[in-house]
2 protein chains.
Amino acid sequence: MTTELLTPAEMADLVGVSVDTLRYYERERLISGVGRADNGHRRYDADDVAWIRVLRCLRDTGMTIDQLRHYCDLGEQGVTTKPERLAMLRDHRAKVEARRAEIDRALELIDHKIDIYLNEAAGDAP
Amino acid sequence: MTTELLTPAEMADLVGVSVDTLRYYERERLISGVGRADNGHRRYDADDVAWIRVLRCLRDTGMTIDQLRHYCDLGEQGVTTKPERLAMLRDHRAKVEARRAEIDRALELIDHKIDIYLNEAAGDAP
DNA sequence: GCTTGACCTGGAGTGCACTCCAGGTTGTTG
DNA sequence: CAACAACCTGGAGTGCACTCCAGGTCAAGC
């Protein structure tokens, strides 16, 4: 079976980025080995979808293009780089968790600020 | 009492931004009414510290400079704009919470990816 | 009295991650 | 067969939030 190859537009739609961004990622070597139809147009397979989803997840949580490129380069270099890739993921995970803690603190401050507005409305001080 | 006025460098240090950023915020009207020493140098008071902390909290959680300026403009316009300011905070709060949810989902995916690395190491499939 | 460092102003420059454009090919549709 | 949409490439442009710079003032220390 031909397992559902996607056009650029379909992929863009599916993962929530623009077609331009998809091409940009490829230029930056964050995506490689994308297949082509007879007419030279890109065709993405299930593996591409899975990887681009991970890629977006990492990008969305602040991993830079440079870091992602490094991660990809390691992947290309084969199995011996697994420990380093794992380390990158763990390192990033720690950053994301720190970020979440920051967000939790921010939410508290925002709630506090909202409370002040509500209390002012009740007492109506100058 | 003179209640501890801070120099730009001290303020920058305290809230974790650069002196340049502090001036940039002032140019963008995100900070106003900053006092001056006799020599024309800025002197920040406790209110400034409190506001800049809130400002940083909002910026750190993705509120744009434009939005912050609007929020400040509303503040300058007086008490009648309180409902709108409150609405802005609530709106932002919702976005931050959505962001946290996104981060939680990302953490799950990253953990899943890490698990795959660990399991591959155990079984060592091609 | 001269250097040093923190500050001042207005304006220019930077880095990142896209995003858009020109100029061209292909393939379907009325 | 004309027009339209979706794709291709290489390269230029954009927006945001800073960040840096030139040229100058002022106070304290050596």
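Lettering of chains follows the sequences in order, A, B, ..., and the numbering in each one begins at 1. The model shown is predicted, which means the values in this text are computed figures rather than measured ones.
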What's the CZ-C1' distance between B/R42 and D/dC26, to the nearest Å?
15 Å
Just the rounded figure in Å: distance from P of C/dA6 to CZ of B/R36.
18 Å
So how far is it from A/T21 OG1 to A/R56 CZ, rounded to the nearest 0.5 Å?
7.0 Å
Flag the pair A/M11 / A/R42 as yes when at least one side-chain heavy-atom distance between them is below 4.5 Å, and no otherwise.
no
State plainly whether the residues B/R69 and B/D73 are in salt-bridge range, i.e. N to O under 4.0 Å.
no
From CG of B/L22 across to C1' of C/dC7 the rounded distance in Å is 13 Å
Gap between atoms CZ and P, on B/R43 and D/dA27 respectively (whole Å):
12 Å
In this structure, CD1 of B/I103 is separated from CD1 of A/I103 (nearest 0.5 Å) by 3.5 Å
Is A/R23 salt-bridged to A/E26, going by a charged N under 4.0 Å from an acidic O?
no
Under 4.0 Å from OP1 or OP2 of D/dA6: is there any side-chain N or O of A/T7 that close?
no
For residues 47-54 of chain A, dump all side-chain donor-acceptor pairs below 3.5 Å to protein atoms at least two apart in sequence or in another chain.
unit_1	atom_1	unit_2	atom_2	d
A/D48	OD2	A/D45	N	3.0
A/W51	NE1	A/L30	O	2.7

Could you tell me whether the side chains of A/T64 and A/Q67 share a donor-acceptor contact shorter than 3.5 Å?
yes
Contact pattern, 5' to 3', of nucleotides 17-29 of chain C - B, S or - by protein heavy atom under 4.0 Å
BBBB-----SS--
Is the closest side-chain donor-acceptor distance between B/H92 and B/T61 under 3.5 Å?
yes
Terminal helix-axis angle for the helix from C/dG1-D/dC30 to C/dG30-D/dC1, with five pairs defining each axis and rounding to 10 degrees
10°
